[in-house]
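Note sheet for the following structure.
When reading the values below, keep in mind they use all heavy atoms of this one structure, side chains included, and skip hydrogens, waters and symmetry mates. The model shown is predicted, which means the values in this text are computed figures rather than measured ones.
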Amino acid sequence: MKGLQLSEIYYKEVGKPWLDQCFPEYRDRICAGLVGQGSECFGFDDEYSRDHDFGPSFCLWLSEEDFRAVGREMAEGYAALPGEFMGFSKRVVSPHGDGRVGVLETKSFYRCMIGEPKAPDTLMDWLFLPEAYLAMATNGKVFEDSYGEFSSVRKELLGFYPEDVRIKKIAARAATMAQSGQYNYGRCIHRGEQVAAALALDEFVRAGISMVYLLNRVYTPFYKWMHRGMERLSILSELKEEFRQLISVDGERQERIERICDSVRSELQRQGLTDETDVFLENHVPCIMAKIQDPIIRCLPAMQG
């Protein structure tokens with residue numbers, strides 16, 4: 001059983017009856033679910049990840065006012081709930097895993113995830129907010145939320161980056177893919193600079209996978225899960241295998257880099273982001289940047305974002 005499924009069953013069979021009995025006056029003011037840090041929130045947990053921060057648990061999000069009023073009492077009640085459930089042992093908390101579940105305050109949760117208690121106000125704030133943090137703030141599942149404070153922020157974040165920001169990031173990824181993979185990787189190999197070549201390949205893979213997520217309008221998760229998560233995407237998900245082969249097979253790397261870039265080029269054209277036909281992605285950057293409406297975002301350096 002996956003951790004997210006375990007969490008939901010545990011909440012419905014243990015947590016919800018406890019809240020109904022002990023905090024009936026707050027039942028319509030609580031959001032329950034499992035969102036945030038941890039592989040189980042992404043649905044990527046397995047037998048290897050169960051040695052820490054795994055077990056019967058869930059999150060309860062309260063408003064700032066309610067957290068002050070009953071947060072401590074509710075947290076004490078939560079800590080007293082049965083630790084073992086459906087054959088699963090009590091959650092083992094790692095040194096950095098405290099505060100991921102239990103009774104939380106909504107604004108503090110989002111502040112911890114994205115640095116703000118709500119969605120960013122400006123395009124520039126959106127631009128420099130890392131994708132992995134947005135992925136953590138919007139993963140998992142909300143089991144119920146009658147009050148709506150938590151879900152209203154979540155809904156706005158799930159709407160993805162404003163389009164100007166998405167396009168700017170796509171331009172930056174195209175520039176990075178061209179520079180690191182199409183240009184510098186081969187030059188480093190010919191010079192015998194093996195470390196530089198490995199770093200260039202790493203830059204290309206990171207930028208390329210991020211590009212695919214941006215084209216899908218999905219936040220790229222933490223590096224550990226970004227490749228695996230490609231299987232859930234509807235656009236260019238076939239590149240998951242191309243990236244795997246690029247890393248695991250020594251030969252024909254430059255050819256594979258070009259195939260990946262050509263697939264990206266085709267999708268950029270399909271989405272109306274470029275009219276260029278060249279496979280070299282650097283040549284598409286000016287066209288992509290020209291699609292940005294906001295003059296400040298449009299004038300930023302190509303690789304910024």
**OP:** Examine distances only and state if a side-chain atom of Arg29 and a backbone atom of Ser63 form a donor-acceptor pair shorter than 3.5 Å.
**Re:** no
Original post:
Where do Thr176 and Ala207 come nearest, in terms of heavy atoms and distance?
Top reply: CG2-CB, 3.7 Å
Original post:
Between Asn283 (side chain) and Asp278 (backbone), is there a donor-acceptor pair under 3.5 Å?
Top reply: no
Original post:
Are any side-chain N or O atoms of Asp294 and backbone N or O atoms of Asp164, one a donor and one an acceptor, separated by less than 3.5 Å?
Top reply: no
Original post:
Counting heavy atoms not belonging to Lys291, are there more than 12 under 6.0 Å from its NZ?
Top reply: yes
Subject >> Side chain proximity check, Tyr161 to Leu134, heavy atoms < 4.5 angstrom >> reply: yes
Original post:
Side-chain heavy atoms under 4.5 angstrom apart, residues restricted to Ile, Leu, Val, Met, Phe, Trp, Tyr: same cluster for Phe58 and Met136?
Top reply: no
Original post:
Parallel, tilted or perpendicular: which fits the ring planes of Phe243 and Phe204, with parallel below 30° and perpendicular above 60°?
Top reply: tilted
Original post:
What are the two closest non-hydrogen atoms of Thr138 and Leu157, and how far apart are they?
Top reply: CG2-CB, 3.6 Å
Subject >> Which atom of Leu34 lies closest to which atom of Gly3, heavy atoms considered >> reply: CD2-O, 4.3 Å
**OP:** Keeping the roles fixed (side chain from Lys168, backbone from Arg298), state whether a donor-acceptor pair exists under 3.5 Å.
**Re:** no
**OP:** Could you pull out the closest heavy-atom pair between Ser151 and Asp145, with the gap in Å?
**Re:** OG-OD2, 2.7 Å
**OP:** Measure the acute angle between the ring planes of Phe109 and Phe150, then classify it against the limits of 30° and 60° as parallel, tilted or perpendicular.
**Re:** tilted
Subject >> Ser237 side chain vs Ser234 backbone, donor-acceptor pair below 3.5 Å >> reply: no
Original post:
To the nearest 0.5 Å, what is the distance between CD (Glu241) and CG (Leu246)?
Top reply: 11.0 Å
Original post:
Do Phe222 and Val205 sit in the same hydrophobic cluster, where Ile, Leu, Val, Met, Phe, Trp and Tyr count as joined when their side-chain heavy atoms come under 4.5 Å apart?
Top reply: yes
Subject >> ring pair (Phe, Tyr, Trp, His ring centres under 6.0 Å) partners for Tyr26, two or more places apart >> reply: none
Original post:
For Arg232, does the CZ atom have more than 12 heavy-atom neighbours from other residues, nucleotides or ligands under 6.0 Å away?
Top reply: yes
**OP:** Before giving the answer on salt bridge (charged side-chain N to carboxylate O under 4.0 Å, His left out), spell out for Glu163 and Arg217 the whole-Å C-alpha distance, their side-chain angles and the decisive distance to 0.1 Å.
**Re:** CA-CA 10 Å; Glu163 186 64 358; Arg217 292 179 170 83; 3.5 Å; yes
Subject >> Sequence neighbours excluded - salt bridge (Lys or Arg N to Asp or Glu O under 4.0 Å) pairs with any residue from residues 180-206 >> reply: Asp202-Arg206
**OP:** Tell me, yes or no, whether the heavy-atom count around Ile247 atom CD1, taken from other residues, nucleotides or ligands under 6.0 Å, exceeds 12.
**Re:** yes
Original post:
Any chain of hydrophobic side-chain contacts (each under 4.5 Å) joining Leu158 to Val165?
Top reply: no
Original post:
Is the number of heavy atoms from other residues, nucleotides or ligands under 6.0 Å of Phe128 CZ greater than 12?
Top reply: yes
Original post:
Could you give all pairs that pass the salt bridge (Lys or Arg N to Asp or Glu O under 4.0 Å) test and reach residues 254-263, with sequence neighbours left out?
Top reply: Glu242-Arg256, Glu242-Arg259, Asp262-Arg265
Original post:
Does Tyr213 have any ring pair (Phe, Tyr, Trp, His ring centres under 6.0 Å) partners at least two apart in sequence or in another chain, and if so, which?
Top reply: none
Subject >> Residue pairs, two or more places apart or on separate chains, that pass salt bridge (Lys or Arg N to Asp or Glu O under 4.0 Å) and touch residues 121-144 >> reply: Glu8-Lys141, Lys16-Glu144, Arg27-Glu144, Lys118-Asp121, Glu131-Arg173
Original post:
More than 12 foreign heavy atoms under 6.0 Å from CZ of Phe280: is that the case here?
Top reply: yes
Subject >> Sub-4.5 Å side-chain heavy-atom contact between Tyr11 and Ser57 >> reply: no
Subject >> Test item: Arg154 side-chain N/O and Asn139 main-chain N/O as donor-acceptor pair under 3.5 Å >> reply: yes
**OP:** Using atom types as modelled and distance alone, determine if a side-chain donor or acceptor of Glu105 lies under 3.5 Å from a backbone N or O of Lys107.
**Re:** yes
Original post:
Do you know which two heavy atoms are closest between Pro221 and Ala135, and how far apart they sit?
Top reply: CA-CB, 3.8 Å
**OP:** Identify, with sequence neighbours excluded, every residue that meets side chain to side chain donor-acceptor pair (under 3.5 Å) alongside Arg270.
**Re:** Glu267
**OP:** Would you confirm whether Gln269, through its side chain, and Glu276, through its main-chain N or O, come within 3.5 Å as a donor-acceptor pair?
**Re:** yes
Subject >> Exceeds 12 heavy-atom contacts within 6.0 angstrom, atom CZ of Phe85 >> reply: yes
Original post:
Are more than 12 heavy atoms from other residues, nucleotides or ligands located less than 6.0 Å from atom CD of Glu231?
Top reply: yes
Subject >> Candidate pair Trp61 and Phe67, rule side-chain contact (heavy atoms from CB on, under 4.5 Å), full reasoning >> reply: CA-CA 8 Å; Trp61 292 280; Phe67 189 80; over 6 Å; no
Original post:
Going only through I, L, V, M, F, W and Y residues with side-chain contacts under 4.5 Å, is there a path from Phe160 to Val142?
Top reply: yes
